[in-house]
J.: 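Got a structure for you, questions after.
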Amino acid sequence: MIQFIDVCAMKILEQVIKKMRIKRYSANTINTYVSCLKLFFKYFEKTNTEQLGKEEVMSYLEHLVKKGYSKSAQNQHINAIKFYYEKHLGYERTFYFIERPFKDQKIPVVLSKAETQRLFQAIDNLKHRTILYTIYGCGLRISELINLKMSDVDRERMCLWVRKGKGNKDRQIPMSPKLLALLERYYKSYKPEGFLINGQHGLKYSAGSIQKIVKAACKKAAIQKHVTPHTLRHSFATHLLENGTDLRCIQSILGHNDIKTTQIYTHVTSAHLNSIKNPFDDMNID
């Protein structure tokens with residue numbers, strides 16, 4: 001929903017956007033923060049936000065909870081508000097502090113290797129298959145896939161470069177010879193220019209189109225799990241762990257800042273689960 005705010009708030013937002021661009025924030029982060037601050041300014045439209053105290057801001061966050069915002073969304077609002085006060089207005093961090101809600105510890109949905117193969121076999125279109133193979137084979141986020149350039153594929157060193165991924169970081173990912181062979185077939189058939197995966201008129205491929213590809217492939221492969229493009233990234237990481245890849249190496253490949261984020265895959269690997277002896281097996285029951 002578009003939030004209409006007054007001219008004064010719009011001018012503040014323009015200044016905030018300018019500062020975020022100077023600090024090299026990603027377009028996604030800028031858009032998220034702007035959306036959050038529009039709601040914030042709308043809520044306090046008759047108040048000078050520069051003079052708000054912690055109690056007023058906390059009441060706003062409680063308002064978001066009552067409106068049904070998730071913990072993740074609430075954290076985004078906190079980050080946006082903190083940027084406004086600390087980075088834009090220059091207030092000291094000690095002056096303004098909000099206790100952040102704990103994140104839900106959700107275990108990701110992953111596909112087994114057999115399910116992953118069934119998913120791929122359900123795709124006949126070469127371009128669609130290349131998209132999903134690349135997401136899975138390199139553990140990419142969907143935004144990283146659609147931003148890949150032709151020059152990011154290093155054939156000599158057998159690796160893929162992710163430029164300005166999450167957190168504006170670059171990273172290298174080892175590439176399977178099978179993926180490179182598929183990419184070569186894709187090059188010859190589609191002759192992409194600029195972006196590795198071209199959308200209409202040479203523009204970026206849309207995230208929504210990739211989600212539709214996954215949904216259609218799951219239906220054809222009779223996979224009942226709730227699968228999204230990000231499930232392929234989770235599955236890739238889990239399969240690496242099952243193959244004996246070091247957790248620190250997986251962290252580097254996925255581009256995680258914190259090893260704790262990577263450790264979530266230890267809870268879903270089949271090797272971890274299969275190592276557990278069920279006490280029911282010791283029962284003498286016919």
Side-chain angles (χ1 to χ4, degrees), residues 1-65 67-101 103 140-149 152 162-171 194-195 199-208 210-211 230 255-257:
M1 181 185 296
I2 298 175
Q3 294 295 321
F4 296 98
I5 55 178
D6 61 29
V7 176
C8 181
M10 282 302 300
K11 288 182 178 179
I12 293 173
L13 277 178
E14 288 172 4
Q15 295 169 358
V16 170
I17 291 170
K18 183 177 180 180
K19 183 153 291 186
M20 283 192 282
R21 285 175 177 162
I22 291 172
K23 289 183 174 293
R24 302 294 183 90
Y25 279 52
S26 71
N28 284 342
T29 300
I30 292 173
N31 290 336
T32 299
Y33 282 18
V34 168
S35 296
C36 292
L37 288 174
K38 280 184 178 180
L39 285 170
F40 183 68
F41 291 139
K42 181 66 178 175
Y43 185 83
F44 291 108
E45 60 184 340
K46 296 181 181 179
T47 308
N48 183 350
T49 52
E50 292 186 19
Q51 297 178 359
L52 291 177
K54 178 180 176 180
E55 289 185 6
E56 288 92 342
V57 178
M58 288 297 292
S59 70
Y60 170 70
L61 295 173
E62 289 172 4
H63 160 76
L64 295 181
V65 173
K67 295 283 284 186
Y69 282 74
S70 67
K71 292 180 181 179
S72 175
Q74 186 181 345
N75 266 325
Q76 289 176 339
H77 282 266
I78 292 173
N79 289 335
I81 292 167
K82 285 177 69 64
F83 184 93
Y84 169 60
Y85 283 110
E86 296 171 9
K87 306 295 185 184
H88 176 65
L89 295 178
Y91 291 178
E92 294 290 336
R93 292 185 66 181
T94 52
F95 173 81
Y96 182 69
F97 176 76
I98 300 172
E99 292 184 3
R100 295 167 181 267
K103 287 185 178 180
L140 300 180
R141 301 176 177 93
I142 194 169
S143 60
E144 294 170 345
L145 181 281
I146 61 180
N147 282 299
L148 284 177
K149 302 289 181 61
D152 293 330
V162 173
R163 312 284 184 183
K164 294 185 178 181
K166 190 172 182 180
N168 234 10
K169 296 183 301 182
D170 292 353
R171 70 181 191 276
F195 291 108
Q200 290 185 338
H201 312 298
L203 300 176
K204 289 182 186 179
Y205 206 82
S206 76
I210 298 175
Q211 289 163 353
H230 208 69
H256 287 160
N257 279 329

J.: Give, for atom NZ of Lys38 and atom CG of Leu13, the distance between the pair rounded to the nearest 0.5 Å.
T.: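 Lys38 NZ to Leu13 CG: 7.0 Å, rounded to 0.5 Å.
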
J.: Could you give the side-chain donor-acceptor pairs of residues 15-24 under 3.5 Å, partners two or more places apart or in another chain?
T.:
| from | atom 1 | to | atom 2 | distance (Å) |
| --- | --- | --- | --- | --- |
| Lys19 | NZ | Lys87 | O | 3.4 |

J.: Check this for me: Lys169, atom NZ, are more than 12 non-hydrogen atoms of other residues, nucleotides or ligands nearer than 6.0 Å?
T.: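 More than 12 within 6.0 Å, yes.
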
J.: Given side chains that start at C-beta, do those of His230 and Ile142 come closer than 4.5 Å, heavy atoms only?
T.: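 Not touching, per the 4.5 Å side-chain cut-off.
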
J.: Of all heavy-atom pairs between Ser59 and Glu56, which one has the smallest distance, and what is that distance?
T.: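 Heavy atoms only, the tightest pair is OG-O, 2.5 Å.
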
J.: For Asp170, what residues pass the side-chain contact (heavy atoms from CB on, under 4.5 Å) criterion, not counting sequence neighbours?
T.: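 Checked Asp170 against side-chain contact (heavy atoms from CB on, under 4.5 Å); matches are Arg163, Lys164.
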
J.: Less than 4.5 Å apart, side chain to side chain, heavy atoms only: is that true for Tyr69 and Leu39?
T.: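 A side-chain contact exists here, since the closest heavy-atom pair is under 4.5 Å.
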
J.: Once the angle between the rings of Phe40 and Tyr60 is folded into 0 to 90°, is it parallel (under 30°), tilted (30 to 60°) or perpendicular (over 60°)?
T.: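 Phe40 and Tyr60: perpendicular rings.
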
J.: If you round to the nearest 0.5 Å, how far is CD1 of Ile81 from CD of Glu86?
T.: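 CD1 of Ile81 is found 11.0 Å from CD of Glu86.
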
J.: Is it the case that the side chain of Asn31 and the backbone of Asn28 share a donor-acceptor pair, with hydrogens and angles ignored and the cut-off at 3.5 Å?
T.: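 Not a single qualifying donor-acceptor pair exists.
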
J.: Going through the distances and angles, do Glu50 and Tyr84 end up as a side-chain contact (heavy atoms from CB on, under 4.5 Å)?
T.: CA-CA 9 Å; Glu50 292 186 19; Tyr84 169 60; 3.7 Å; yes

J.: Is there a side-chain contact between Tyr33 and Asn79, using heavy atoms and a 4.5 Å cut-off?
T.: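 In short, these two side chains touch, coming nearer than 4.5 Å.
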
J.: Should Met10 and Phe41 count as side-chain neighbours, where that means a heavy-atom distance under 4.5 Å?
T.: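 Heavy-atom side-chain distance check fails, nothing below 4.5 Å.
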
J.: Of all the heavy-atom pairs spanning Arg141 and Gly255, show the shortest one and how long it is.
T.: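 For Arg141 versus Gly255, the nearest heavy atoms are NH2-O, 3.8 Å.
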
J.: How about Leu37 and Ile12: do any of their side-chain heavy atoms sit closer than 4.5 Å?
T.: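 Contact flag for Leu37/Ile12 side chains = no.
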
J.: What are the two closest non-hydrogen atoms of Thr49 and Tyr85, and how far apart are they?
T.: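 Minimum heavy-atom separation between Thr49 and Tyr85: O-OH, 2.5 Å.
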
J.: Measure the spacing between OH of Tyr43 and CG of Leu64 and express it to the nearest 0.5 Å.
T.: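 Spacing of OH (Tyr43) from CG (Leu64) equals 8.5 Å.
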
J.: For a quick test of reading the model, state the closest non-hydrogen atom pair linking Glu144 to Leu140 and the distance between them.
T.: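 Reported closest heavy-atom pair: OE1-CA, 3.6 Å.
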
J.: What is the minimum heavy-atom distance between Asn147 and Asp152, and which atoms define it?
T.: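 Taking every non-hydrogen atom into account, O-OD2, 4.3 Å.
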
J.: Between the side chains of Glu45 and Lys42, is the shortest nitrogen-to-carboxylate-oxygen separation below 4.0 Å, so that they form an ion pair?
T.: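 Answer for the salt bridge query: yes.
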
